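Below, read A as the first sequence line, B as the second, and so on, with proteins coming before strands; counting in each chain starts at 1. Just so you know, these numbers come straight off a predicted model, no measurement behind them. Basis for what follows: all heavy atoms, side chains included, without hydrogens, waters or symmetry-related copies.
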2 protein chains.
Amino acid sequence: MKEQQRRPTLMDVAQAAGVSRALVSIVMRGVPGAAESTRQKVFEAARELGYRPDSRARLLRSSRTKLIGLSFSSSQPFHAEIVDAAYAQASSRGYEIALSAVANGRTETRAVESLLDFGSEALVMISPTLTAEELDRYSGQVPVVSLLRNDVGELVDAVSSDDIAGIRLGVEHLADLGHRNIVHVDGGIAVSAQQRSEAFRSEMQGRGLEATAIPGGPGEEDGLRAARSLRDNLPTAVIAFNDRSALGLIEGFRASGLQIPSDVSVLGYDDSQLARLSYVQLSSVSQDAPLLAAAAVDRAVDRIEGTVGPAHVVRTPHLVIRKTTALPRA
Amino acid sequence: MKEQQRRPTLMDVAQAAGVSRALVSIVMRGVPGAAESTRQKVFEAARELGYRPDSRARLLRSSRTKLIGLSFSSSQPFHAEIVDAAYAQASSRGYEIALSAVANGRTETRAVESLLDFGSEALVMISPTLTAEELDRYSGQVPVVSLLRNDVGELVDAVSSDDIAGIRLGVEHLADLGHRNIVHVDGGIAVSAQQRSEAFRSEMQGRGLEATAIPGGPGEEDGLRAARSLRDNLPTAVIAFNDRSALGLIEGFRASGLQIPSDVSVLGYDDSQLARLSYVQLSSVSQDAPLLAAAAVDRAVDRIEGTVGPAHVVRTPHLVIRKTTALPRA
DNA sequence: TCATGTGGCTAGATCGTTCTAGTTCATCCA
DNA sequence: TGGATGAACTAGAACGATCTAGCCACATGA
């Protein structure tokens, strides 16, 4: 078993290069204050020893961590795309992302505390489920950005997509195709579910159509159940709470021998990877999650660095029409 | 905008409680050495001030971080289940998990370095793609556990599932049902793909059956493509590299008007959430990922704490028979 | 010639903890 | 009685970085 050697420190590098610790620090941070020749010498010594700065010590002293905490839910594949985008944006602005998952038996509070313990200078939370008050409390410590949810207090940043506009786009699309009997399968207790549900109601009523919403949820099984309950009283189109639910709906309809979209049109929400699969080709409302993620990271960085106060940014979603929506059955 | 107040330190608590810093430290860590009455006093003061220990300082001093670094791939929903299980196991052994994703434009090396920077005392890597040499190099710094891949050096721990046994179970199951014309859709360049492919070949040959493997990959689209290429020369059963590929296969077959399993049996691998969806009901080889994850975390902790050397742990997978495998068509 | 700057470098304090080595004081036992 | 024991507590040095202040040598300008 190879010996676990002690990690080299600034001191070791300094000795090897024959300079002071402080100078090594200057070189490693790339700030002015060292001659080019010694810079090389120090780099050489550091490389040789395999030196890596100890971020704990560094951060303890400088109080800057250049770290943005990101909480996500491990059970939402959709969040993975956001994580990807956040990494990219953070790194382009010179920050690192500290990840923490909300999982089975691991609450959001726990995830956030762990991010704070790592020294995150700001928090980006994907679809946070904490109350507005709790979020406010954290925002007393570091800037907090709520992603994909905007009913949060004034102290908290919010980067979200306009659910009302999204649902309107969906209803509009289906109505334009000629659908009159449209049902919404809601998201149950999921974040944003209520907003979408209400948006649906008001948009339908605004068009003089009957707004029927039935209970659903954020998963495939929820969609499946909803499809079963719709079997006997089939609408011509369904707007799902999200893509996963939409997939369940489609499967449920198929199981009853129905064709999509000739018998029923199905519209998803999120435009996730799932929707784009070539055998799914789900029409969906796109929130442009990667863009939102980048915007959230941007806000976090701006809050950390600048003097800007919190703000609520709302982007308008757009429709991606694929193959699960079409003219209603004759 | 609420003022970002300075975080209270041990010193503040000590002053408030009228004792020394060291004693507060003793109380906060819950170690013996303080009278019950002062313990209460200190707790009270800490609560009042909203004190939270600064983990950076704490860890800097104690050199223990109680942190296990976990690298995963954000594009593999399957990994999410492992993350969940790892969190649970780590926390039950008194450790925290530091997460780092391998994503688009973020290499595994980058992910690992970031984990080391956080001070991880061990690394658990899910299906690592680094070479055995690179893994060895890291294992000079901290214990490294490779999860779901076992062709790594002696210096690195490996917790994996027996691919040969897994494929054998699959072939056995199908052969027992009466299938003779079985095709394997491989995983392309994915980790473990080659092992499974070879296991398939040898198992089929051992039974005097022809071993046909065709190129695939780890995603739905790969399965879909494979299904198309099989259309004209349909086997009675297909063993996919994983569940996602199996799903693609099923969709591809369905698109050609074939029924699963009456026309073709399809067997997945991983027994992921997907497989369990009620409208999928995919028969699959289960690696029992959560169990493996727990085992990996256990090994990491044992390596950190004890004097055990690295070992390769191999578990035998088992078959989960659902509704996509059945007797061959007559 | 002498003050003034400036680039290159260093010593030592500092961040918020934990750890080591005590000190103090009451109790116990021969 | 007096030494040993132990519980409760503390001072001060670490941990590995960054930051502040200042030193030194040399160039510059009046």
Discussion item. Without decimals, in angstroms, what is the distance between B:Leu49 CG and C:dG16 P?
Written reply: 14 Å

Worksheet item: Does A:Gln40 have any side-chain contact (heavy atoms from CB on, under 4.5 Å) partners at least two apart in sequence or in another chain, and if so, which?
Response: A:Glu36

Practice prompt. Report the residue from A:Leu155, A:Asp157, A:Val152 that forms a side-chain contact (heavy atoms from CB on, under 4.5 Å) with A:Leu135.
Written response: A:Val152

Worksheet item: If an axis is fit to five pairs at each end of the helix from C:dT1-D:dA30 to C:dA30-D:dT1, what is the angle between the two, to the nearest 10°?
Response: 50°

Worksheet entry | Residue list, side chain to side chain donor-acceptor pair (under 3.5 Å) with A:Glu154, at least two apart or on another chain | none

Worksheet item: Can a salt bridge be assigned to the pair A:Glu44 and A:Arg47 using a cut-off of 4.0 Å between side-chain N and carboxylate O?
Response: yes

Practice prompt. Give a yes/no on whether any side-chain N or O of B:Ser20 is located under 4.0 angstrom from OP1 or OP2 of D:dT10.
Written response: yes

Practice prompt. Could you tell me whether B:Arg58 and A:Asp117 have a side-chain N and a carboxylate O separated by less than 4.0 Å?
Written response: no

Item to complete: Sequence neighbours left out, what pairs pass ring-ring contact (aromatic ring centres under 6.0 Å, His included) with at least one residue falling in residues 80-103 of chain A?
Response: none

Worksheet, complete the sentence: With sugar-phosphate taken as primed atoms, P, OP1 and OP2 and all else as base, the protein-contact string of nucleotides 18-27 of chain D at under 4.0 Å (heavy atoms; B, S, -) is BB--------

Worksheet entry | Value in whole Å for how far the P atom of C:dT18 lies from CZ of A:Arg56 | 13 Å

Review item, side-chain donor-acceptor pairs of residues 19-33 of chain A, under 3.5 Å, at least two apart:
from, atom 1, to, atom 2, distance (Å)
A:Ser20, OG, A:Leu23, N, 3.3
A:Ser25, OG, A:Arg29, NE, 3.1
A:Ser25, OG, A:Arg29, NH2, 3.1
A:Arg29, NE, A:Ser25, O, 3.2

Worksheet entry | Atom-pair distance (CD on B:Gln15; P on C:dG16), nearest Å | 13 Å

Item to complete: Determine which pairs satisfy salt bridge (charged side-chain N to carboxylate O under 4.0 Å, His left out) with at least one residue from residues 69-81 of chain A, sequence neighbours left out, and list them in order.
Response: A:Glu81-A:Arg276

Worksheet item: In whole angstrom, what separates A:Leu60's CG from C:dA13's P?
Response: 17 Å

Discussion item. Going by side-chain contact (heavy atoms from CB on, under 4.5 Å), name the residues that satisfy it together with B:Ala86, two or more places apart in sequence or in a different chain.
Written reply: B:Leu70, B:Ile97, B:Val297

Item to complete: Calculate the interatomic distance between A:Leu23 atom CG and C:dG12 atom P; express it in whole Å.
Response: 17 Å

Worksheet item: Where along residues 35-45 of chain A does a heavy atom come under 4.0 Å from DNA chain C, residue by residue in number order?
Response: A:Ala35, A:Thr38

Worksheet item: Listed by chain and number, what are the side-chain contact (heavy atoms from CB on, under 4.5 Å) partners of A:Asn104, not counting sequence neighbours?
Response: B:Asp84

Item to complete: List the atom of B:Leu292, the atom of B:Leu147, and the distance in Å for their closest heavy-atom pair.
Response: O-CD1, 3.8 Å

Worksheet item: What distance separates B:Ser127 OG from B:Phe78 CZ, expressed to the nearest 0.5 Å?
Response: 7.5 Å

Fill in: Summary of protein contacts for nucleotides 22-28 of chain C, nucleotide by nucleotide, where a base hit scores B, a sugar-phosphate-only hit scores S (4.0 Å, heavy atoms)
-------

Practice prompt. Check side-chain contact (heavy atoms from CB on, under 4.5 Å) between B:Ser114 and all other residues, then give those that pass, not counting sequence neighbours.
Written response: A:Glu96, B:Ser100, B:Arg106, B:Phe118

